[in-house]
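I have placed the structure first, in the form of C-alpha cells, so that the comments after it can refer back to it.
Convention: sequence-line order gives letters A, B, ...; per-chain numbering from 1.
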Protein chains: 2
Amino acid sequence: MDINTATRPPGRPREFEIEEALDKAIVVFSERGYHAASISELKDAMGLAAGSLYKAFKDKRAIFLASFDRYKQVRNALLEQELAEGENGRDKVSRMLRFYAEASHGASGRRGCLVVGTAIELAVYDAEAAERVDRSMARTEAMIDGLIREGQADGSIAPAIDPVTTAHVLLSVTQGLRVLGKTGPNRDRAFSVVDTAMKLLD
Amino acid sequence: MDINTATRPPGRPREFEIEEALDKAIVVFSERGYHAASISELKDAMGLAAGSLYKAFKDKRAIFLASFDRYKQVRNALLEQELAEGENGRDKVSRMLRFYAEASHGASGRRGCLVVGTAIELAVYDAEAAERVDRSMARTEAMIDGLIREGQADGSIAPAIDPVTTAHVLLSVTQGLRVLGKTGPNRDRAFSVVDTAMKLLD
DNA sequence: TCTATTGGGGAACGATCGTTTCCAAATTAA
DNA sequence: TTAATTTGGAAACGATCGTTCCCCAATAGA
C-alpha cells in the first residue's frame with residue numbers, strides 16, 4: 001500500500017507526465033503560434049499519439065490553454081526567484097526588466113513569449129484567452145507598481161515618481177522588448193533599453 | 001484615344017482597384033492574423049472570387065506581403081502628415097508617440113498592428129517577412145533618433161540625452177502599446193504612457 | 001478470475017484549407 | 001472579323017487539418 005499518495009484511480013495509469021508534455025508543447029506554440037502549430041507537430045514534439053493527446057486534453061484549444069498556464073507558472077517562479085535576490089525596490093525593478101531583456105534576445109527571443117503571442121493571435125476572438133492575457137498583464141503591472149512603492153519606502157526610488165503611470169510605461173517596455181526580440185536584436189541592445197528605461201525612476 | 005494614360009495592356013481590364021482590395025485584406029489580416037485568415041474570408045472581405053484573387057496575386061503569402069506594404073505606406077503617410085505639424089523636436093516625438101497611442105486603444109487597438117502581428121506570427125519562419133519587419137522597425141527607430149537630435153538642436157530636448165538608446169526605449173514603448181492595445185485598455189491609459197515616457201527626454 | 005475503467009496508438013473521418021481548372025466575358029491588335 | 005490575351009466567377013482538386021473510433025494493454029475492485 002502506498003502511504004504517501006491518494007489511492008490510484010481505476011483504469012490504466014498514464015505513462016507520461018502532463019507537465020513534461022506541456023513543456024514541449026510550449027516550445028511549439030511559442031515558435032509557431034496557435035494556428036500554425038498542428039496537432040501533428042504537437043504530438044511529435046510531445047512524444048504522444050493523437051489518441052493519447054485527446055484523452056489527456058479535450059481539444060487543441062485545451063492543450064494551448066494548459067500550456068499557457070504552465071508557461072505562466074514556470075516564468076513566474078523564475079521571476080520571483082530572481083526578485084528575491086534584489087537588495088531594494090530599485091534593484092528589484094532593474095532585475096525584473098533584465099529578466100525580460102534576457103528572454104528577449106537570442107534563441108529564447110526568437111521563440112517568443114506565449115503571453116504576447118496569445119494577445120496578438122487569440123485574444124480578439126477568444127474571451128478565455130483574452131482573460132488570461134489580461135490577468136497576466138495586470139499581475140505584472142501590479143508587481144512593478146509594488147516594487148516602485150517598495151523602492152520609495154526604502155529610499156532607492158525618488159518619492160516624486162508616480163508608481164501607477166511609471167508601471168504602465170515599464171510594462172509597455174517589457175512587452176515591446178518581446179516583440180523586438182522576435183527578429184533577434186543582440187543582447188547588448190536589449191539591456192541598453194533596460195538601463196535607459198531605469199531613468200524613469202530618478 | 002486616351003491621352004493621359006499609357007496604352008492599356010491587352011486582355012480584359014481588371015474591374016477592381018488593387019489598393020482598395022488590399023485595404024480590406026489589411027483589416028482581415030490584422031484582426032485574424034496570417035494563418036487564421038482564410039482565403040474564404042479574404043475573398044468575401046475583398047469582394048472577389050477565388051479565381052480573381054489568384055490572378056491578381058500569386059498565393060496567400062503574396063496577398064499578405066502586398067497588404068503589409070500597403071499598410072506601411074498608408075501608416076507612414078499619416079505619420080509624416082502628423083509630424084509635419086510639430087513645432088520642434090520634442091513636440092514631434094510627442095506627436096509620434098501619441099500617433100501610436102491613438103492606434104493602440106479602442107477598435108483599432110483590438111484590430112492590431114500588422115507589423116507586430118507579422119513579427120510574432122511569421123518572422124521566425126519567413127525570411128522575407130522578417131526583413132520587412134526589420135526594415136519597418138529600423139525606420140521607426142531612425143525616425144525617433146532623428147527627432148531627438150532635432151530637438152537637441154532646437155533646444156527643446158536636453159543635450160545630455162543619448163539619442164540612440166532613448167530611441168531604443170521609445171520604440172519598445174510603441175510596440176508594447178500595440179500589444180497591450182489588443183486586449184483594449186482605455187484611451188487615457190495609452191496616453192498616460194506617452195506622457196510618462198516623455199520624461200526620458202528631460 | 002472477472003468486470004469496469006482508463007490509457008496507448010494507429011487508422012479513419014468529415015471539414016476546411018489553399019490552389020487550380022474551366023468557361024464565358026471583355027478587351028487589344030491585326 | 002478574327003486571334004490573342006486577360007479577368008470574373010464557380011466548381012473541383014488534393015492535402016492537411018482537428019477529431020474520433022477502435023482495439024489492445026494495464027490497472028482497481030469485487
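- For E121(B), the side-chain hydrogen bond (donor to acceptor under 3.5 Å, both in side chains) partners two or more places apart in sequence, or in a different chain, are H35(B).
- Distance D44(B) CG to dG18(C) P: 12 Å, rounded to the nearest Å.
- A salt bridge links R189(A) with E141(B): the distance from a Lys NZ or Arg NE/NH1/NH2 to an Asp or Glu carboxylate oxygen falls below 4.0 Å.
- The CG-C1' distance, from L53(A) to dA11(C), rounds to 16 Å in whole Å.
- For D44(A), the salt bridge (charged side-chain N to carboxylate O under 4.0 Å, His left out) test picks out no residue, with sequence neighbours left out.
- The side-chain hydrogen bond (donor to acceptor under 3.5 Å, both in side chains) test applied to N88(A) returns no partner, not counting sequence neighbours.
- Partners of K92(B) by salt bridge (charged side-chain N to carboxylate O under 4.0 Å, His left out), not counting sequence neighbours, listed by chain and number: E150(B).
- Between Y54(B) and dT19(C) there is a side-chain polar atom (N or O) within less than 4.0 angstrom of OP1 or OP2.
- Here A62(A) lies out of heavy-atom contact (under 4.0 Å) with every strand.
- For K60(A) and dC17(D), the NZ to P distance is 9 Å, given to the nearest whole Å.
- Residues that satisfy the salt bridge (charged side-chain N to carboxylate O under 4.0 Å, His left out) test with R32(B), not counting sequence neighbours, are E41(B).
- Taking atom CD1 of I39(A) as the reference point, atom P of dA15(C) lies 19 Å away to the nearest angstrom.
- Using a cut-off of 4.0 Å between Lys/Arg side-chain N and Asp/Glu carboxylate O, D154(A) and R90(A) are scored as not salt-bridged.
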Sequence-aligned protein contact record of nucleotides 21-30 of chain C, with B where the base is within under 4.0 Å of a protein heavy atom and S where only the sugar-phosphate is: BB--BBBS--
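- Listed by residue number, the members of residues 22-30 of chain A with any heavy atom below 4.0 angstrom from DNA chain C form an empty set.
- Under the 3.5 Å distance criterion, the side-chain polar atoms of S30(B) are left unmatched by any main-chain donor or acceptor of R111(B).
- Whole-Å rounding puts the F64(A) CZ to dG18(D) P distance at 13 Å.
- Residues meeting the side-chain hydrogen bond (donor to acceptor under 3.5 Å, both in side chains) test with K72(B), sequence neighbours left out: S136(B).
- Separating the NZ atom of K43(B) from the P atom of dT19(C) is a distance of 15 Å, rounded to the nearest angstrom.
- Listed candidates were dT19(D), dC17(C), dA10(D). Nearest to the side chain of S40(B) is dC17(C).
- Near DNA chain D, meaning a heavy atom under 4.0 Å from it, residues 121-131 of chain B has no residue at all.
- Rounded to whole angstrom, the span from the NZ atom of K58(B) across to the C1' atom of dT20(C) amounts to 13 Å.
- Among the protein residues, A36(B) comes within range of no part of the nucleic acid, since none of its heavy atoms lies under 4.0 Å from any strand.
- Sorted by first then second residue, the ring pair (Phe, Tyr, Trp, His ring centres under 6.0 Å) pairs that include residues 57-76 of chain B, not counting sequence neighbours, are F29(B)-F64(B), Y34(B)-F64(B).
- Along DNA chain C, the nucleotide closest to Y34(B) and the one closest to G47(A) are compared, and the more 5′ of them pairs with G47(A).
- Scored by the side chain to side chain contact (heavy atoms under 4.5 Å, CB included) test, E80(A) finds R139(A), M143(A) as partners (sequence neighbours excluded).
- When heavy atoms are screened at a 4.0 angstrom cut-off, S38(B) is found touching the sugar-phosphate backbone but no base atom.
- Computed from coordinates, the L42(A) CG to dG18(D) C1' distance equals 11 Å when rounded to whole Å.
- Heavy atoms of F57(A) sit nowhere under 4.0 angstrom from any nucleic acid atom.
- Applying the ring pair (Phe, Tyr, Trp, His ring centres under 6.0 Å) test to residues at least two apart or on different chains, none of the pairs has a partner in residues 73-116 of chain B.
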